[in-house]
Amino acid sequence: MQAFESQFITVVMPALNEEGYIADAIASLLVGMKTLDYELLVLDGGSTDRTCEVVENLAKSNQHIKLVHNPRRTQSAAMNIAAEVCDPRSTVLVRADCHAIYPPRFVENCASSLVTNDCASVVVSMNAIGRTPLQRAIAAAQNSRIGNGGSRHRRVSASGYVDHGHHAAFDRKVFRSLGGYDESAPFNEDAEFDARLIRAGGRIYLDGPLTINYYPRTSFSSLARQYYRHGWGRANTLLKQSMRPKVRQVLPVIALMTVVFGLVAWPLIGPAAILPAAAYLGLCIGWGMLLAVRTRQLELALSGPAAIAMHMSWAAGFLTRVSGARAPATR
């Protein structure tokens, strides 16, 4: 790959009803980009709010910003479409989320990291943050080991080569040679792609200093739907790629089965049946309350219930896919 200073970079931002976040996300991405050759493509999947209007207004003052229609609606399709319709000079694809705030010179540093570390993909860590009390509680759960199971890219991590992470940048040529994202797998497309990339001999580099701030869901219902899809997608990737689940991926399933067993067996063997489930629920709720006391932020007491919602929903989605069920709706 040529030196990053001479590359043309395509920033790809999949969007659907993101009027409350997209302007701030784009503003953070643009910091330090005046010296770069780039385009910022917002792939809109059919927004019914003011997302398109916001992007069009930003494009009036920055000719590099372009709004592109994504008729297939999913994030996977957005990346694949962008890889095809982007400027022919483009050598780097930077994937950006609307629900995020990026560190200064993020795009430039991603492109530089691809070259410096001789890799096909750069991934980053995510630090969840919140605007509302409940969103901050959900963020605390996602940032914790009890919520993320110790996943390296869900916490601030040291740099190094990894087998998976939050996607940030790709060598466009490599991305296209592997067929891009698998659009038949509507969830967990990043991990599925990473499995194919590793098997093809590509390398993935986690760049620690490029950690992004991410806004999670704002309600328990939307959080549950998101994690159900995450679980379904992870199981789909494991089955498709003949991979074994990691311990942290098995634990939520055990927790769900423990709760279900307790509820079913209680009428048969009495209160003793719910002791394991009670221990699990007590651990999560107690952790949330302790976090609230320690930080003097009472809303963080809700981080325990948030972790439970994440575990139960993820496990339900995982088991649903293992049972052979079709994918749930993407939205």
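- Using a 4.5 Å cut-off on side-chain heavy atoms (C-beta onward), T211 and M126 make no contact.
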**OP:** Please assess D44 against N70 for the test side-chain hydrogen bond (donor to acceptor under 3.5 Å, both in side chains), listing each intermediate value before the final yes or no.
**Re:** CA-CA 5 Å; D44 184 75; N70 173 15; over 6 Å; no
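- L29 has its side chain within reach of M13: a pair of non-hydrogen atoms, C-beta onward, lies under 4.5 Å apart.
- In this structure the side chain of I204 reaches within 4.5 angstrom of the side chain of I198, judged on heavy atoms.
- Between atom CG of residue L210 and atom OG of residue S112 there is a gap of 9.5 Å, rounded to the nearest 0.5 Å.
- Under 3.5 Å, the side chains of T10 and E39 contain a donor-acceptor pair of N or O atoms.
- Of the possible polar contacts, one joining the T295 side chain to the L291 backbone as a donor-acceptor pair under 3.5 Å is found.
- The shortest distance between side-chain heavy atoms of R196 and Q241 falls below 4.5 Å.
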Original post:
Are Y38 and E108 close enough, and set up right, to give a side-chain hydrogen bond (donor to acceptor under 3.5 Å, both in side chains), and what steps lead you there?
Top reply: CA-CA 10 Å; Y38 77 95; E108 176 184 334; over 6 Å; no
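- Ion pair K240/E189 not flagged as a salt bridge, since none of the NZ, NE, NH1 or NH2 atoms sits closer than 4.0 Å to an Asp/Glu carboxylate oxygen.
- A 4.5 Å side-chain heavy-atom check between L16 and T48 finds every atom pair outside the cut-off.
- At least one donor-acceptor pair under 3.5 Å links the side chain of E19 to the backbone N or O of R50.
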Less than 3.5 Å apart, which donor and acceptor atoms pair up between the side chains of residues 243-262 and the rest of the protein, not counting sequence neighbours?
residue: Q249; atom: OE1; partner: K246; partner atom: N; Å: 2.9
residue: T258; atom: OG1; partner: I254; partner atom: O; Å: 2.8

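- Between Y102 and F106, the two ring planes are tilted [angle within 30° to 60°].
- Between E192 and the options L197, N236, T237, a side chain to side chain contact (heavy atoms under 4.5 Å, CB included) holds for only T237.
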Original post:
Could you go step by step and tell me if W314 and F318 meet the ring pair (Phe, Tyr, Trp, His ring centres under 6.0 Å) rule?
Top reply: CA-CA 6 Å; W314 194 98; F318 187 95; 5.2 Å; yes
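- Ion pair R89/D87 flagged as a salt bridge, since at least one NZ, NE, NH1 or NH2 atom sits closer than 4.0 Å to an Asp/Glu carboxylate oxygen.
- Ring pair Y215/Y21 is tilted by interplanar angle, where 30° to 60° counts as tilted.
- If you chain together ILVMFWY residues whose side-chain heavy atoms come under 4.5 Å of each other, Y205 ends up grouped with Y161.
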Original post:
Going through the checks in order, is the side-chain hydrogen bond (donor to acceptor under 3.5 Å, both in side chains) test met by Y227 and H311?
Top reply: CA-CA 8 Å; Y227 271 77; H311 298 159; over 6 Å; no
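- Distance alone, capped at 3.5 Å, is enough to place a donor-acceptor pair between the N148 side chain and the Q142 backbone.
- Between I26 and V42 there is a side-chain heavy-atom pair separated by less than 4.5 Å.
- Between S76 and T74, the side chains place no donor N or O within less than 3.5 Å of an acceptor N or O (distance only, hydrogens not considered).
- M289 CE: 12 or fewer foreign heavy atoms inside a 6.0 Å radius.
- A 4.5 Å side-chain heavy-atom check between V94 and V12 finds every atom pair outside the cut-off.
- One finds no salt bridge joining D171 and R203 here, because no Lys/Arg side-chain nitrogen approaches an Asp/Glu carboxylate oxygen to under 4.0 Å.
- Here the side chain of S47 pairs a donor or acceptor atom with the backbone of N17 at under 3.5 angstrom.
- Judged by distance alone, the side chain of S313 and the main-chain N or O of M310 form no donor-acceptor pair under 3.5 Å.
- A307 approaches A141 most closely through the heavy-atom pair N-CB, 4.0 Å.
- If you check the side chains of Q75 and R95, you find a donor sitting under 3.5 Å from an acceptor.
- Scanning for salt bridge (Lys or Arg N to Asp or Glu O under 4.0 Å) contacts around R145 gives an empty result, with sequence neighbours left out.
- Side-chain contact between P216 and Q135 is present, with heavy atoms from C-beta onward closer than 4.5 Å.
- Between the side chain of T320 and the backbone N or O of A316, at least one donor-acceptor pair lies under 3.5 Å.
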Original post:
Can you check side-chain hydrogen bond (donor to acceptor under 3.5 Å, both in side chains) on T91 and Q7, steps first, answer last?
Top reply: CA-CA 6 Å; T91 56; Q7 293 180 25; 3.2 Å; yes
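- Taking each heavy atom of I138 and T218 in turn, the nearest pair found is CD1-C, 4.4 Å.
- In summary, of the residues considered (D190, D97, D194), a side-chain hydrogen bond (donor to acceptor under 3.5 Å, both in side chains) with H167 occurs for D194 alone.
- Here CD1 of I146 is found 4.5 Å from CG of L283. Values are rounded to the nearest 0.5 Å.
- Side-chain N or O atoms of N62 include none that pairs as donor or acceptor with a backbone N or O of L58 at under 3.5 Å.
- At least one donor-acceptor pair under 3.5 Å links the side chain of R172 to the backbone N or O of S90.
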